[in-house]
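Presented below is the structure to which this report refers.
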Amino acid sequence: MAKTPDDVLKMIQDEDVKIVDLKFIDLPGTWQHCSFATNQIDADAFAEGIPFDGSSIRGWKAINESDMLMVPDPSTAFIDPFFKETTLSLTCSIREPRTGEPYGRDPRTIAAKALEYLKGTGIADTAYFGPEAEFFIFDDVRFDQTQNAGYYYLDSVEGNWNTGRNEGPNLGYKPRNKEGYFPVAPTDSMQDIRTEMLLTMGSLGVPIEKHHHEVASGGQAELGVRFLSMVEAADALQIYKYVIKNVARKHGKVATFMPKPIFNDNGTGMHTHQSLWKDGQPLFAGDKYADLSEMALYYIGGLLKHAPAILAFSNPTTNSYKRLVPGFEAPVNLAYSQGNRSASIRIPLSGKSPKAKRLEFRCPDASSNAYIAFAAMLMAGLDGIKNKIDPGEPLDVDIYELSAEELAKVPSTPGSLSEALKALEEDHAFLTEGGVFSEELINVWIEYKLEKEVIPMSLRPHPYEFSLYFDV
């Protein structure tokens, strides 16, 4: 694997690379790219960057200040498996062209600044993150929104709604409702596709572990990858999503990370495992609850205290909150537990090894920009450690056996994106510590989400409203 600019330049020669594809992440969290002839990439490109127009990138510059620089990270190099001509991919961070300073709205820069802040506190020198991003694989997707019409239509050969469809022939193997977790073939018809996805991302340097069918009908799935340091984990998640979407397309299918595409079935989350280390030693193992350290409990306290604000980044779509509802294994309770999956923070079984001790924040979904979401989680956890925030008692009871009075005492996640954005507006001092997040970035995020998503959604009739109200 390439480590230095010289390694990349040698790779271009050795692999007979024809095109170099420079990728970067926009503010909402989507990879963007521009492809260059190899004669445009030399040692200076890694030091000085390559100019481009940033005015058309969502949430970035105005047209009168559009110039920006892409600075490739040589450690991210891989040969893209999806193009006819040999194409080398590099992930970039973004800089200001006139000052050379990191661009304050570049998500990868924000994540790097969070790690610098972590080291500066002296608390730890490494933050490991392990995201578990679920997704759906569909066979047909159609949607439209016009002035006088709006609809969506999703379909999957595995959909339990298709047991009576004439498929010429219909072979009947459809996962029953809530029974999509771990069935073997032929009920699980996606084994070969998931295997190809997993092995492809493994060939690109992502440390792979497993894959399996998930609970929901309609091809819901998850691929398991090993934890990495925070920026590397976010880089790997971009490869993860890129590979899954392109392998699905290769097989005439489509993959989506939309949190709740199917009504009345489990949604798609991204449980995020986290731990802090210093000098090669884990810091979250100890003799407290669930064999956690006091530091780990304070980190949990910070996550729970700031969770409503964090969700503005980790669950950043209006659709995210259609997943965060009771009854679908959704982590709607702002509490922690070593077993209760309805709690927003779970302490996974990790054996006797202190190195495996970690916590799992279960609220996030993969519609998020991982660089920003991970940075926000880390900053909340550090705030908990610095201020010794008590997480309270764990929620180890069956949530469904609690009385209404008992349940009312358990804080819950925001009910909508607008609520989460309001929480972020009121609670973000923990994010601006050390200049990791700027006030400008937070204001831009809130304004963008309100103007582009929350308000447009509020103005449009929903199809179900016609069932409820057309004959009033």
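Keep in mind that what you see is a predicted model, and the values were worked out from it rather than measured.
Judged purely by distance below 3.5 Å, without hydrogens or angles, the side chains of D235 and T76 never pair a donor atom with an acceptor atom. With no hydrogens or angles considered, a side-chain donor-acceptor pair links D396 and Y289 at under 3.5 Å. Side-chain N/O atoms of S75 and D73 include a donor and acceptor closer than 3.5 Å. Side-chain contact, D365 with S367: a donor N or O sits under 3.5 Å from an acceptor N or O. Side-chain contact of E134 with H271: a donor-acceptor pair under 3.5 Å is absent, judged by distance alone. Counting only N and O atoms by type, the side chains of S93 and R108 include a donor and acceptor under 3.5 Å apart. For the 3.5 Å distance criterion, the side chains of Y298 and N387 fail to qualify, holding no donor opposite an acceptor. Side-chain contact of E158 with H213: a donor-acceptor pair under 3.5 Å is present, judged by distance alone.
Aromatic pair H273/Y128: centroids not less than 6.0 angstrom apart. A centroid separation of less than 6.0 Å is found between the aromatic rings of F82 and Y242. Ring centroid separation for the pair F24 and W60 comes in under the 6.0 Å cut-off. Between F129 and F227, the ring center distance fails the sub-6.0 Å criterion. For an aromatic pair to be called close, the ring centres must be under 6.0 Å apart, and F437 with F313 satisfies this.
V454 approaches S418 most closely through the heavy-atom pair CG1-CB, 4.1 Å.
In this structure, D26 pairs ionically with R58, as a charged nitrogen and a carboxylate oxygen lie closer than 4.0 Å. Under 4.0 Å is where a charged nitrogen must lie from a carboxylate oxygen, and between K388 and D390 no such pair does. Residues K422 and E425 are paired through a salt bridge, judged by an N-O separation under 4.0 Å between the basic side chain and the carboxylate. Contact check on K452 versus E447 returns no salt bridge, with no Lys/Arg side-chain nitrogen under 4.0 Å from an Asp/Glu carboxylate oxygen.
Of the inter-residue distances, the one linking L283 atom CG with L292 atom CG reads 12.5 Å to the nearest 0.5 angstrom. Going from atom CG of L431 over to atom CG of D383 covers 9.0 Å, rounded to the nearest 0.5 Å.
Side-chain atoms of N333 do not come within 3.5 Å of backbone N or O of A335 as any donor-acceptor pair. For E232 (side chain) and L228 (main-chain N/O), no donor-acceptor pair under 3.5 Å exists by modelled atom type.
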